[in-house]
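This report refers to the structure that appears directly beneath it.
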Amino acid sequence: MTNAHTPWTSAAAAAPRGAPAPAVAEDDAARHRADLAAQRRSQWLRDTRVVAVSYGLNGLCLALFAAIGTVHWSAPLLYTVPGWLVCLLATRLIARGRSIWRDPSLSMLHSVAGMVICLMGMGLYPEVGFFHVLVLFTIFVGATYRMPRDKTNLAWLVVSAGIAVAMLSGDRRLQVPHATALEQALAGLCFAATLARCLLLSVLNLRNNLLLRERGEQMAEALAEIERLANGDELTGLPNRRSMLCSLDDEMARAAREHTPVCIALLDIDHFKRINDVHGHAVGDDALRRFAQVVQGHLRATDRFGRHGGEEFLWLMPHTAPAEAELAVARLREGVAAADWDAVAAGLRLSFSAGIADLRPDEGPEQLLSRADRALYGAKDAGRDCHHLG
């Protein structure tokens with residue numbers, strides 16, 4: 001039975017047997033967070049390698065144009081080398097856990113760097129400017145899924161202005177190489193490769209969206225489970241002490257506003273230690289679960305009933321005067337006595353003692369619970385299997 005000096009404001013419920021120690025749970029959570037962080041860094045490093053390979057392939061295309069005389073050999077170098085340097089910087093930063101623009105994946109760095117390199121290429125080598133525009137298409141396909149909307153819109157405006165300047169200024173405007181059949185073939189290959197990349201990026205982004213949705217659902221389920229564990233008793237499925245004390249605070253506030261009566265009852269199963277000693281703790285757990293089921297069958301829709309700790313339970317009865325509460329407890333005692341306990345253990349019989357208290361003006365939850373606890377002691381002293389009004 002609960003000690004009268006128990007601090008009623010504490011919301012910590014009794015830990016069920018077999019539950020992991022808090023320190024162990026915290027260590028497991030820390031390891032889980034570390035594993036997730038390592039997985040994210042590994043994925044970001046793989047993404048950076050993919051970007052580096054993309055720079056290499058694009059540089060190869062520019063090298064082919066240089067080989068047939070369309071553009072100077074500096075074009076592939078001025079495209080590929082800065083891109084690889086950015087990838088090297090990103091690899092170092094990710095490995096060290098650093099971020100730029102609050103983006104630990106550095107996807108924004110890759111996108112912005114790619115845009116700058118392409119705009120520089122269009123300005124310096126307009127004869128293959130179409131190629132840099134195609135690369136910008138692929139960059140924006142990826143950026144729309146990774147960059148914040150406001151930054152994506154700003155990048156679109158800047159890049160669009162840069163393309164317009166490159167197309168309209170000077171005598172060397174952007175071109176699609178077509179002077180020879182080989183140039184036309186390479187240009188067509190670039191267009192086909194760009195379409196393939198955009199399609200691949202769309203598929204990958206769709207997969208990532210589905211993965212994010214799945215993880216969001218898993219997170220929602222995990223949060224619901226956390227909520228259940230935080231407010232529910234694992235053994236009986238009833239609200240735990242934390243949840244019941246919160247409900248009591250809410251109901252007392254509502255009763256003060258509406259000037260309606262509220263009663264509570266503290267129930268303690270009689271001779272529960274004897275059940276554990278004679279039949280074992282497994283039967284004791286089954287008895288608690290069965291007791292919770294029996295009680296729930298006798299509650300009103302407005303009542304709240306939860307495990308207060310051990311074999312003690314708290315019954316919150318809104319809109320209930322003391323006389324009504326006594327009748328309700330008496331009916332419940334009859335229902336518990338009439339219930340079939342043989343399924344738990346042959347010959348087992350259960351009864352409970354109860355202390356009832358009604359909310360008084362200007363009374364806090366500590367005082368209300370303390371009066372119910374003293375009434376419960378009175379019922380125990382009176383021989384058990386009865387109730388007292390505090």
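Only this structure's heavy atoms are used, side chains among them; waters, hydrogens and symmetry mates stay out.
- To the nearest 0.5 angstrom, I264 atom CD1 is 9.5 Å from D373 atom CG.
- Using modelled atom types and a 3.5 Å distance limit, the side chains of N231 and R241 yield no donor-acceptor pair.
- Under the 3.5 Å distance criterion, with hydrogens and angles disregarded, a donor-acceptor pair is assigned to the side chains of D233 and T236.
- Crowding of R349 atom CZ: a count of heavy atoms from other residues, nucleotides or ligands under 6.0 Å exceeding 12.
- The line from OG of S247 to CG of L314 is 9.0 Å long, rounded to the nearest 0.5 Å.
- In summary, R290 and D286 do not engage in a salt bridge, as defined by a charged side-chain N under 4.0 Å from a carboxylate O.
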Evaluation steps, side-chain hydrogen bond (donor to acceptor under 3.5 Å, both in side chains), between R49 and T91: CA-CA 9 Å; R49 287 194 290 269; T91 300; over 6 Å; no

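- Taking the six-membered ring where the residue is Trp, F130 and F65 present perpendicular rings, their angle passing 60° and hence far from 30°.
- Taken to the nearest 0.5 Å, the SG atom of C87 stands 10.5 Å off from the CG atom of L106.
- Between the NE2 atom in H298 and the CZ atom in R331 there is a gap of 9.0 Å [rounded to 0.5 Å].
- Between R307 and L288 the shortest side-chain heavy-atom distance falls below 4.5 Å.
- The aromatic rings of F352 and F291 sit perpendicular, their planes meeting at an angle over 60°, well past the 30° parallel limit.
- For R384, the CZ atom counts as densely surrounded, since its 6.0 Å shell holds more than 12 non-hydrogen atoms of other residues, nucleotides or ligands.
- With salt bridges taken as basic N to acidic carboxylate O contacts below 4.0 Å, one links D303 and R300.
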Derivation and outcome, side-chain hydrogen bond (donor to acceptor under 3.5 Å, both in side chains), residues Q43 and D47: CA-CA 6 Å; Q43 180 61 51; D47 292 343; 2.9 Å; yes

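- With no hydrogens or angles considered, no side-chain donor-acceptor pair links D268 and S353 at under 3.5 Å.
- Taken from OH in Y79 to CH2 in W84, the straight-line distance is 11.0 Å, to the nearest 0.5 Å.
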